[in-house]
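Just so it is clear: chains get the letters A, B, ... in the order the sequence lines come, proteins before strands, and each one is counted from 1.
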There are 2 protein chains.
Amino acid sequence: MHETANDTVRLLWGPPAKPSRGPKPALSLERIAAAGVEIADEEGLGALSMQKVAGLLDFTKMSLYRYVPGKAELIALMVESAAGEPPAPADGADWRERLTAWAHHLADSFARHPWLLDATVGPRVMGPKELSWLEQVVVALDGHGLTGPERMDAAVLLAGHVRGIAQQSRGTGASGGPEAELLAALGAMVRQHADRFPAVAAAMADPDGRDRALDFGLERILDGLAALIERRTGGA
Amino acid sequence: MHETANDTVRLLWGPPAKPSRGPKPALSLERIAAAGVEIADEEGLGALSMQKVAGLLDFTKMSLYRYVPGKAELIALMVESAAGEPPAPADGADWRERLTAWAHHLADSFARHPWLLDATVGPRVMGPKELSWLEQVVVALDGHGLTGPERMDAAVLLAGHVRGIAQQSRGTGASGGPEAELLAALGAMVRQHADRFPAVAAAMADPDGRDRALDFGLERILDGLAALIERRTGGA
DNA sequence: GAGAAACAGTGTCTGGCGGACACTGTTTGT
DNA sequence: ACAAACAGTGTCCGCCAGACACTGTTTCTC
């Protein structure tokens, strides 16, 4: 019996300090998570190891297991730490403006911590900060005729889009980097096999302003939500 | 110099057999990829190792390296193998029906091979089959006033949504499984802290038909695209 | 104040991983 | 006939997550 789920929940939601009899802990969950974030930011999640985290803190690997049951739980703490508090909604903004700002903030988070993409695959326990992000969207859509589940679905839709864009544009910062090689190779392949993929080849050849993918999808989603809202509120 | 990108491209796009002088290879990329898919389907991508793949084929681990430069390239082959050919578009269908069918097919693929979610994070070289999926979307949107990049953006939007839904509903098959525990724990936390997340708590308490997230988002996206198309084609 | 319980951090070990490299044996072109 | 090319093997290395027994320190309870 591993009970990893409950361990994670307790770690993320209820660490109200300890009674304690022996020596005081020299570390803290916060410091450990911060060290993990630092490593993951610089070298990626794949390069994250207990050894490295411990080394950065000048402790031994095994000492970390006094604070954290395992690597998975450490990553959950890192996610919660890197997510941070969601942006405060602007006062005078309507739902559309709020969701737009929210999406851009989320995209910024992914850009700052690309490993969040790897760390948040699959179903997992969300921490309070992550839930606050979700709450923001549901709140913004309150009172427009949408049901509760619909508002949740809308949040998932929005987050999924930002995530997909972040994933696609990962590593394509101005520097070029080693990822540019991939795109170049892929582009060459598409051109070389243009007969099999005429539409994609033509689309890629079109010299238009790029990097609009985030806003393009965002506007389509918001248009779609607006249509639903208008239908529900009777065009008021 | 690793040249991993070129290795992968060559593996996925151009393996026109070899001239060859020595003994004939007993394995093939197809068989190796199929073995990998089998393991990943059953135990997940995390449990995939060269040892296991080789063991399933009754070969030694190192023999696989005669066919594949490394594990990353093996996974790329597995993705291409599991993706399969995209669904043929129905003849009389308009763009909206085609994209709906496409999205459901993609969702099916993710349901059949959940590890595809893990295997397709980050920028990578797409194989011909994966590109064919993309091509289908771009083709379906041809001739409706959208620019090439816009059609590509729409494809990314659509794929990103399906992906996000697949990710969220992973492991929540009818059986319940160990993932249900996570959801239960999370739900308990939300109820317990309902003061901090009133909107989410209310939305989760709403006893509505669930599992509509895929179609909900899909319809919003398609509505948004329809609005754009109508605007572009002058309402024709 | 004395002793014991609780606890923090360490050192050692195991099983598994990806992969480098040298090797054996087989096939085939010259 | 022979040598080059090649398929598959065996051994080795460094790294990983984590189990477990251990030492030393702190603090609560007699």
Side-chain angles (χ1 to χ4, degrees), chain A residues 1-4 7-8 10-11 15-33 35-36 39-40 43-78 115 118-119, chain B residues 1-4 7-8 10-11 15-33 35-36 39-40 43-78 115 118-119:
Chain A
M1 183 80 89
H2 274 268
E3 287 292 355
T4 312
D7 282 349
T8 310
R10 205 171 303 120
L11 224 57
K18 320 274 182 80
S20 170
R21 171 124 82 158
K24 291 164 195 163
L27 284 170
S28 67
L29 291 177
E30 288 73 20
R31 281 189 64 199
I32 294 174
I39 293 173
E43 309 179 50
L45 196 64
L48 184 86
S49 75
M50 295 292 174
Q51 301 265 22
K52 283 188 188 167
V53 175
L56 193 60
L57 295 165
D58 272 314
F59 280 78
T60 59
K61 172 185 67 161
M62 289 316 290
S63 67
L64 300 184
Y65 287 94
R66 290 269 161 202
Y67 299 82
V68 162
K71 195 187 186 182
E73 289 78 11
L74 168 59
I75 293 178
L77 284 174
M78 288 168 52
W115 51 270
D118 308 277
Chain B
M1 182 80 89
H2 274 267
E3 288 293 354
T4 312
D7 282 349
T8 309
R10 208 170 301 121
L11 224 57
K18 319 273 181 79
S20 170
R21 170 124 80 159
K24 290 164 196 164
L27 285 171
S28 68
L29 290 178
E30 287 74 20
R31 281 189 65 198
I32 294 174
I39 292 173
E43 309 179 52
L45 196 64
L48 184 87
S49 75
M50 294 291 169
Q51 301 265 23
K52 285 188 188 167
V53 175
L56 193 60
L57 296 165
D58 273 314
F59 279 79
T60 59
K61 172 182 70 161
M62 289 317 291
S63 67
L64 300 185
Y65 287 95
R66 289 270 162 201
Y67 300 82
V68 162
K71 195 187 186 184
E73 289 78 10
L74 168 60
I75 294 178
L77 283 175
M78 288 166 54
W115 52 270
D118 308 277

Assign B/L74 to base, sugar-phosphate, or nothing according to its heavy-atom contacts below 4.0 angstrom with the strands shown. nothing
For a quick check of understanding: with a heavy-atom distance under 4.0 Å over all strands, which category does A/M50 fall into, base, sugar-phosphate or nothing? sugar-phosphate
Whole-Å gap separating P (C/dA8) and CZ (A/R31): 15 Å
Separation of C/dC13 P from A/Q51 CD (nearest whole Å): 16 Å
Taking the side chain as C-beta and beyond, is there a heavy-atom pair between A/L74 and A/M78 under 4.5 Å? yes
Could you state the atom-to-atom distance from CZ of B/R66 to C1' of C/dT27 in whole Å? 14 Å
Return yes if some donor-acceptor pair links the side-chain N/O of A/K61 with the main-chain N/O of A/S49 below 3.5 Å, else return no. no
Rounded to whole angstroms, how far apart are CG on A/L27 and P on C/dC7? 17 Å
Using whole Å, report how far OH of A/Y67 lies from C1' of D/dG18. 18 Å
For atom NZ of B/K24 and atom P of C/dT26, their distance in whole Å: 15 Å
Distance, rounded to the nearest Å, where A/K52 contributes NZ and D/dC15 contributes P: 10 Å
Out of C/dT12, C/dA8, D/dG8, which nucleotide sits closest to the side chain of A/M62? C/dT12
Assign each of B/S63 and B/R21 to its nearest nucleotide of DNA chain D by heavy atoms, then name whichever residue's nucleotide is nearer the 5' end. B/R21
Return the minimal non-hydrogen interatomic distance between B/L29 and B/Y67, and the atom names on each side. CD2-O, 3.5 Å
Quickly work out the B/F59 CZ to D/dG10 P distance and round it to whole Å. 13 Å
NA contact type, B/L57, heavy-atom cut-off 4.0 Å: base, sugar-phosphate, or nothing? nothing
Using a cut-off of 4.0 Å on non-hydrogen atoms, how would the nucleic acid contact of A/K61 be classed: base, sugar-phosphate, or nothing? base
If we only count heavy atoms from C-beta on, is the A/R66 to A/L27 side-chain gap below 4.5 Å? no
Sugar-phosphate, base or nothing in reach of A/Y65, heavy atoms under 4.0 Å: base
A side-chain contact here means heavy atoms from C-beta on lying under 4.5 Å apart; do B/L64 and B/V53 qualify? yes
